[in-house]
Amino acid sequence: MTGEGRRMQEIFRRRREAFFARMAEARGDDAIAVVAAAQTQVRNDTVDHPFRQDSDFYYLTGFEEPDAILVMTTRERKTTLFVRPSDPKSEIWDGARAGIDGAKANFGADEAFNLAELDANLVKLLQNQHRLYYRIGRNRSLDARVLAAIERGRMRGRSPHHFPSEIVDPGVVLHEQRLFKSEDDLVKMRKAAAITAEAHVRAMAMARPGMNEAEIEGMFLETFRRRGAKRAAYQPIVGSGPNTTVLHYIENGRMMEEGDLLLIDAGAEYEYFASDVTRTFPVSGTFSREQRALYEVVLEAQLESIAACRAGTPIDAVHDRAVEVVTRGLVRLGLLSGEPEKLIAEEKYKPFFMHRSNHWLGMDVHDVGGYFVGAKVRPLEPGMVLTVEPGVYISKNFTNVPPEWRGIGIRIEDDVAITEREPEVLTGAIPKSVDDVERACRG
């Protein structure tokens with residue numbers, strides 16, 4: 001194993017140790033966790049969709065093969081992996097497998113077994129455990145096998161052993177752990193951000209009237225792969241002209257025209273950690289008067305929201321700040337009329353700004369972790385990473401505003417890490433002031 005391999009194995013070991021500790025704190029030393037890997041999904045005939053490992057499973061193991069099962073028991077602090085066996089014939093077609101020996105040597109398993117031995121071992125592993133951490137409903141076939149193992153154990157009659165009487169979603173514990181990023185996690189997120197930044201800057205210099213949105217999407221995917229990101233963190237949104245007002249536009253096939261804005265929401269995934277960035281810029285290199293006015297409203301809202309990303313601030317307060325700035329800006333531009341406070345209370349801003357402007361970011365682009373603690377909105381804490389993404393969207397069919405404002409959609413999004421002091425904008429290297437954007441568009 002290389003030095004980097006040993007370093008990564010140590011990261012996964014520390015994550016498992018933290019998960020063991022959280023399980024023991026919640027239940028004591030009679031808890032067991034069963035976590036399933038992702039399964040391959042058939043696209044058509046003999047072709048599968050591209051495989052990506054389940055985030056929880058990868059977080060704890062670093063193992064990237066499908067169909068595996070992880071079992072962790074708190075009493076012995078033991079990690080057991082059930083994996084596909086080595087199979088020279090299958091490996092000709094699909095590549096090498098770790099097998100049982102590799103699961104122990106390279107992925108930190110104390111014990112490893114062939115997947116076919118799962119049923120025979122589950123009863124033994126489950127005995128004398130009070131709480132089972134297992135996600136019911138994700139894999140119905142595995143659900144049946146786990147429940148059958150518990151039932152077999154309980155039917156043994158007079159026995160000194162007991163079996164789980166509680167089944168709890170492991171996310172209750174594990175997702176709280178994943179919400180707080182370690183320095184190792186942040187290193188990967190900064191790398192994902194740097195790769196994403198290169199692609200967004202290239203897009204600003206590259207986009208021109210007469211170019212197809214698909215060409216820009218292709219450049220993003222090429223940049224990601226060339227820079228070491230295996231995949232995009234999500235389906236890129238590359239919308240020009242009227243498509244800027246469609247929040248989840250993914251067709252990416254329109255020919256860009258003179259005077260269009262181009263809204264790009266795209267981020268790289270680097271070693272299973274996501275970046276999530278949106279920039280909006282003029283295809284012709286210069287904002288029109290209306291485009292610039294709306295852009296400056298959204299930019300002000302985003303900067304004010306980022307400034308609010310401090311430890312102790314409730315996460316909803318970050319969004320509330322964006323709503324306030326956008327609403328006041330729309331009144332200033334004559335697109336809304338009335339007192340901003342009343343307009344906000346009556347949600348009159350929502351036809352223009354209809355989505356939340358923050359979500360957790362990590363291994364998943366909409367990452368795990370609760371937004372409430374009990375019944376209270378969660379305060380931000382060091383180690384959390386969230387997006388800040390206000391927007392204004394005026395459909396071409398929106399007849400409540402003058403024609404010159406219609407068909408303009410603007411969103412500006414960055415990834416922000418909460419620290420003990422100033423927020424760290426992971427994606428801050430990507431131009432977003434009006435002057436910097438127009439300069440980047442000129443190359």
| request: Give a yes or no on whether Glu117 atom CD has more than 12 heavy-atom contacts from other residues, nucleotides or ligands under 6.0 Å away. | output: yes
| Glu420 atom CD, neighbour heavy-atom count above 12 within 6.0 Å |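 Open: at most 12 neighbouring heavy atoms sit under 6.0 Å from CD of Glu420.
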| said: Using ring centroids (six-membered ring only for Trp), state whether Phe51 and His49 fall under 6.0 Å. | reply: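 His49 vs Phe51: aromatic centres not under 6.0 Å.
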| Proximity of His200 and Phe281 rings by center, below 6.0 Å | no
| field | Nearest-0.5 Å distance that lies between atom CZ in Arg154 and atom OG in Ser165 | value |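 Taking CZ in Arg154 and OG in Ser165, the distance rounds to 7.0 Å.
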| remark: One should read off an interatomic distance between Ile306 CD1 and Asn358 CG, to the nearest 0.5 angstrom, of 10.0 Å
Taking all heavy atoms of [X] and all of [Y], pick out the closest pair and write down the distance.
| X | Y | answer |
| --- | --- | --- |
| Leu115 | Ala68 | CD2-CA, 4.5 Å |
| Ala24 | Thr74 | N-CG2, 4.2 Å |
| Gly428 | Asp414 | N-OD1, 4.3 Å |
| Pro340 | Thr327 | O-CG2, 4.0 Å |
| Phe180 | Pro382 | CD2-O, 3.6 Å |
| Ala322 | Ser357 | CB-OG, 4.0 Å |

Which atom pairs, donor and acceptor, lie under 3.5 Å between side-chain atoms of residues 122-129 and protein residues at least two apart or in another chain?
from	atom 1	to	atom 2	distance (Å)
Asn128	OD1	His161	ND1	3.4
Asn128	OD1	His162	N	3.2
Asn128	ND2	His161	ND1	3.0
Gln129	OE1	Ala31	N	3.1

Strictly distance-based, threshold 3.5 Å: is any side-chain N or O of [X] a donor or acceptor partner for the main-chain N or O of [Y]?
| X | Y | answer |
| --- | --- | --- |
| Arg16 | Leu60 | yes |
| Gln53 | Ala37 | no |
| Tyr295 | Lys432 | yes |
| Arg145 | Arg140 | no |
| Thr196 | Ala268 | yes |
| Asp143 | Ile136 | no |
| Asp367 | Asp364 | yes |
| Asp169 | Arg135 | no |
| Arg279 | Ile430 | yes |

With the threshold set at 4.0 Å, does a side-chain nitrogen-carboxylate oxygen contact exist between [X] and [Y]?
| X | Y | result |
| --- | --- | --- |
| Arg52 | Glu269 | yes |
| Arg356 | Asp316 | yes |
| Arg7 | Glu10 | no |

| request: Walk me through it: do Ile195 and Tyr270 pass the test side-chain contact (heavy atoms from CB on, under 4.5 Å)? | output: CA-CA 9 Å; Ile195 295 169; Tyr270 181 76; 3.9 Å; yes
Does any non-hydrogen side-chain atom of [Y] lie less than 4.5 Å from one of [X]?
| X | Y | result |
| --- | --- | --- |
| Phe353 | Val298 | no |
| Tyr58 | Phe12 | yes |
| Lys348 | Lys342 | no |
| Leu179 | Arg378 | yes |
| Glu389 | His359 | yes |
| Phe107 | Thr79 | no |
| Arg411 | His355 | yes |
| Val201 | Pro431 | yes |

| field | Sequence-distant partners of Tyr59, ring-ring contact (aromatic ring centres under 6.0 Å, His included), two or more places apart | value | none
| Distance-only donor-acceptor check, side chains Thr427 and Asp415, under 3.5 Å | no
| task | Compute whether any side-chain donor of one residue and acceptor of the other, for Ser305 and His319, lie under 3.5 angstrom apart. | result |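 Side chains of Ser305 and His319: no pair found under 3.5 Å.
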| request: Mark yes or no: Arg231 above the aromatic ring of Tyr272, with NZ or CZ under 6.0 Å from the six-membered ring centre and no more than 45 degrees from the axis. | output: yes
| field | Derivation of the side-chain contact (heavy atoms from CB on, under 4.5 Å) call for Val173 and Phe19 | value | CA-CA 7 Å; Val173 175; Phe19 186 42; 3.8 Å; yes
| query | How would you list all residue pairs meeting salt bridge (charged side-chain N to carboxylate O under 4.0 Å, His left out) that involve residues 35-51, not counting sequence neighbours? | reply |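 Applying salt bridge (charged side-chain N to carboxylate O under 4.0 Å, His left out) to every pair that reaches into residues 35-51, excluding sequence neighbours, yields nothing.
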| said: Among residues at least two apart in sequence or on other chains, which ones pass salt bridge (charged side-chain N to carboxylate O under 4.0 Å, His left out) with Arg226? | reply: Glu198, Glu222
| message | Show every side chain to side chain donor-acceptor pair (under 3.5 Å) that has at least one partner inside residues 234-246, sequence neighbours left out. | response | Glu213-Ser240, Glu213-Asn243, Glu217-Gln235, Tyr234-Asp265, Tyr234-Asp276, Ser240-Arg254, Asn243-Tyr249
What side-chain donor-acceptor pairs closer than 3.5 Å can you find for residues 82-97, not counting sequence neighbours?
from	atom 1	to	atom 2	distance (Å)
Arg84	NH2	Glu65	OE1	3.3
Asp87	OD1	Lys89	N	3.2
Asp87	OD1	Ser90	N	3.4
Asp87	OD2	Ser90	OG	3.0
Glu91	OE2	Asp87	N	2.8
Arg97	NH1	Pro85	O	2.9

| query | Between Glu422, Glu424, Glu381, which is the residue that forms a salt bridge (Lys or Arg N to Asp or Glu O under 4.0 Å) with Arg310? | reply |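 The single option meeting the salt bridge (Lys or Arg N to Asp or Glu O under 4.0 Å) with Arg310 is Glu422.
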| task | Carefully, step by step, assess Arg13 and Gln9 under the rule side-chain contact (heavy atoms from CB on, under 4.5 Å). | result | CA-CA 6 Å; Arg13 186 195 67 78; Gln9 189 174 108; 5.6 Å; no
